[in-house]
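Read the structure below first, then the notes.
Both ligands and their constituent atoms are indexed starting at 1 by order of listing. Worth saying up front: this structure is predicted, and the values here are computed from it rather than measured.
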Amino acid sequence: MGVTVAVHSSKGGTGKTCISVNLAALLALEGYNVCLLDMDLKAPCLCTFFNRYPKWWLNEYLDGKCDIDSILYDITSQFGTKGRFFIGLSNLDIAAVRQISNMDRKWQAKALKLLLEAKRSIFMNGVDVLILDTGPGVEFESVNAIAIADLVLSVIKPNKISYVCTEQLVKGVYMTLEKKCYLVENMCHMLSIDMSGKKEVFGLPVIASIPCICDIPMKNDTSIIGLTDPDHRFTVSIKRICRTIEEHIGKK
Ligand SMILES: Nc1ncnc2c1ncn2[C@@H]1O[C@H](COP(=O)(O)OP(=O)(O)OP(=O)(O)O)[C@@H](O)[C@H]1O
Ligand SMILES: [Mg+2]
């Protein structure tokens, strides 16, 4: 059985999607079979990133309208990775987003059951790592993603608001759901980065501190930095996260 990783944060714009995409691509490049799902159903963006607008979306799967295989796309040949690279996308059409926003607790409970079934099927098909790019905070979709995850990567920005809100998530969500959790600091000042590799915040290990680098937004818009710039500071940090995930593959 592979490992499921939810990339989450308390606030928006911490770099979850950027980290999820690069993590998935680098693990696939190294030979792992990877599946990346857009669990940010209220503000999806992976379809834009991969420039794919398919017939079937994760929305339809979670609504019981199709099976999981219908919404997974094999993009291995597009990026030439050694391992297989699959994506499952959420619909950014405003009507689809509104529909998700109107779903009640009962629908979300059913969606959680379907997510667990999807996970089982994805791993049965040989996937080693399932990466869930979530929305910020405690929306149902994000908590469902955390609930089915083995590991949570909580992305934190180096400011007081991010720290205070993340502490709430640690106590109120990650620990309540008994999740193994790691912190990733993103957009750090170069000079503030602790290189010892032993930093902890709220008793959780900080597995990477990624510097704030102004070429990331521009490069990330057109390519996957991890694949195009193997020596970029961002890529080096993502590889560090890969090593932690690697430790958990096969342990489940
Ligand atoms: N280390 C970094 N340095 C500079 N810019 C970064 C860094 N990491 C991410 N960014 C940029 O920050 C912006 C937000 O990143 P991203 O969309 O990945 O965040 P997010 O947490 O997924 O946001 P949301 O909560 O809205 O889904 C993007 O323009 C991205 O390229
Ligand atoms: Mg995002």
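Note on Leu151 and Leu169: separate hydrophobic clusters, where clusters join Ile, Leu, Val, Met, Phe, Trp and Tyr whose side-chain heavy atoms are under 4.5 Å apart, directly or indirectly.
Checked by atom type, the side-chain pair Asp40/Thr134 shows no donor-acceptor distance below 3.5 Å.
Contact check on Asp150 versus Lys180 returns no salt bridge, with no Lys/Arg side-chain nitrogen under 4.0 Å from an Asp/Glu carboxylate oxygen. Comment: Lys65 engages Asp63 in a salt bridge, judged by a side-chain N to carboxylate O separation of less than 4.0 angstrom. The residues Arg243 and Glu30 are annotated as salt-bridged, a charged nitrogen and a carboxylate oxygen being separated by less than 4.0 angstrom.
With sequence neighbours excluded, the residues forming a side-chain hydrogen bond (donor to acceptor under 3.5 Å, both in side chains) with Lys42 are Glu139, Glu141, listed by chain and number.
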Which pairs would a plain distance check flag for residues 198-209, meaning a side-chain donor or acceptor within less than 3.5 Å of a matching protein atom at least two apart in sequence or in another chain?
| residue | atom | partner | partner atom | Å |
| --- | --- | --- | --- | --- |
| Lys199 | NZ | Glu185 | OE1 | 3.3 |
| Lys199 | NZ | Glu185 | OE2 | 2.7 |
| Ser209 | OG | Glu185 | OE1 | 2.6 |

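When heavy-atom distances to ligand 1 are checked against 4.0 Å, the residues falling inside are Gly12, Gly13, Thr14, Gly15, Lys16, Thr17, Cys18, Asp40, Pro136, Asn186, Met187, Ile210, Pro211, Cys212, Ile213, Ile216, Pro217, Asn220, ordered by chain and number.
Each protein N, O or S atom less than 2.8 Å from the Mg ion (ligand 2) was counted, giving 1.
In this pair, Tyr174 and His8 present their aromatic rings perpendicular. The plane angle is above 60°, beyond the 30 to 60° band.
Residue Leu46 forms a side-chain contact (heavy atoms from CB on, under 4.5 Å) with just one option from Val21, Leu58, Leu37, and that option is Val21.
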